[in-house]
2 protein chains.
Amino acid sequence: MSDLLERLRGRGWRMTAQRRVVAEVLDGDHVHLTADEVHARAVSKLPEISRATVYNTLGEMVTLGEVIEVATDGRAKRYDPNAHRPHQHLVCGRCGAIRDVHPAGDPLADLPDTERFGFTISNVEVTYRGVCPSCATTA
Amino acid sequence: MSDLLERLRGRGWRMTAQRRVVAEVLDGDHVHLTADEVHARAVSKLPEISRATVYNTLGEMVTLGEVIEVATDGRAKRYDPNAHRPHQHLVCGRCGAIRDVHPAGDPLADLPDTERFGFTISNVEVTYRGVCPSCATTA
DNA sequence: ATCCTACAATAGACAAAGTCCAAATCAAGC
DNA sequence: GCTTGATTTGGACTTTGTCTATTGTAGGAT
């Protein structure tokens, strides 16, 4: 289960109770928590953990490339532990629900050289926006 | 030149000095200012304009569909006046520069039904990330 | 041209999300 | 079990954005 924790340990990451709890809370599929949500859940397992530590830890996991930061709504950033399976996101504009999706095709190939302005492109983020089934029925 | 202003006027938008200034500041190609940047520029044309008014005005322009809100970095939202020419964004991870780009193909068509989870999808946002030429030379 | 009135602008308090720092604590190698 | 450098902590601070009560004004009516 806890792949994330294993990966981090395997990189010689110094292990502390706080880091373990953050990794446990964040691990899983279709998980896209904000820093505050991570903190709230972490507190229930380790009451004295501070907000600063949660922010630090999430930032380190992002730097290590084990977690991806997604900005789906211009509010709080969300953290996606599924960094090793390339995927995109499908977001409900009403309730904010997020699903991981796997489109066919390669969006990078769709961008002609003339449209690259000399940039060295390293990745592409695709966000599909719409309304989820349960919001759709609630008019 | 000021297409944005024209479009707004044409919709019966009540015109005030403040709204005119915001529209003028925001108009153009490859423009992606934050609300505070818009405010700063607006102040230089109309010193007594307030931050709240800039936020209100930008929000209204978004609601009217004349301006698009883009969240490229999880920090401040940026405002893109180019709402009537469908396009995507190319972002430099170092300096934050943003260019409008026009990829070939339709990313929506790339998402199979089985990956739509019953959502009604209304639009797709593609963000290419990389390093711009001038940041690349500055090692 | 002037008057009305609903809509718009303002200042400033407030809130949410995140960063920074100096001091205290602790994991892990010896 | 020490030592030490990495980690955690709490709280102040910053940035970004929202809300509200009050004042101002655009534009139609007269």
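Computed from a prediction, not measured in an experiment: that's the story for all the values here.
- Annotation: of the two residues near DNA chain D, Ala17(B) and Tyr79(B), the 5′-most nearest-nucleotide partner is Tyr79(B).
- At a cut-off of 3.5 Å, with distance as the only test, no side-chain donor of Asn82(A) or His30(A) sits close to an acceptor on the other residue.
- Taking atom CG of residue Asp36(B) and atom P of nucleotide dT16(D), one finds them 6 Å apart after rounding to whole Å.
- As a whole-Å value, the separation of Arg78(A) CZ from dG18(C) C1' is 15 Å.
- Thr16(A) has no side-chain polar atom (N or O) that falls below the 4.0 Å cut-off from OP1 or OP2 of dA6(D).
- When rounded to the nearest whole Å, the span between CH2 of Trp13(A) and C1' of dC26(C) equals 15 Å.
- Applying the 6.0 Å contact sphere to CZ of Arg11(A) captures more than 12 heavy atoms from other residues, nucleotides or ligands.
- Computed from coordinates, the Met15(B) CE to dT25(D) C1' distance equals 14 Å when rounded to whole Å.
- The shortest distance between the side-chain N/O atoms of Thr53(B) and the OP1/OP2 oxygens of dA9(C) is not below 4.0 Å.
- The interatomic distance linking Glu69(A) (CD) with dG18(C) (C1') rounds to 11 Å, in whole Å.
- For Ile49(B), taking side-chain heavy atoms from C-beta onward, the closest of the listed nucleotides dT10(C), dT9(D), dG17(D) is dT10(C).
- In this structure the side chain of Asp100(A) reaches within 4.5 angstrom of the side chain of Asp80(A), judged on heavy atoms.
- Arg51(B) comes within 4.0 angstrom of a base, heavy atoms only.
- Heavy atoms of Ala52(B) sit under 4.0 angstrom from at least one base atom.
- Within the structure, every side-chain polar atom (N or O) of Arg75(A) is placed at least 4.0 Å from both OP1 and OP2 of dG17(D).
- Between dT25(C) and Gln18(A), no contact under 4.0 Å exists linking OP1 or OP2 to a side-chain N or O.
- Here dG18(C) presents its P atom at 11 Å from CG of Asp73(B), a figure rounded to the nearest Å.
- Heavy atoms from other residues, nucleotides or ligands lying under 6.0 Å from CZ of Arg116(A) number more than 12.
- The base of dA27(C) sits within donor-acceptor range of the side chain of Arg14(A), with an N or O pair under 3.5 Å.
- Remark: of the listed residues Arg78(B), Arg75(B), Arg51(B), Arg51(B) is the sole one forming a salt bridge (charged side-chain N to carboxylate O under 4.0 Å, His left out) with Asp36(B).
- Taking atom CZ of residue Arg20(A) and atom C1' of nucleotide dT8(D), one finds them 15 Å apart after rounding to whole Å.
- A straight line from NE2 of His39(A) to P of dG18(C) spans 13 Å, rounded to a whole angstrom.
- Of the side-chain N and O atoms in Tyr55(B), one or more sit less than 4.0 angstrom from OP1 or OP2 of dG17(D).
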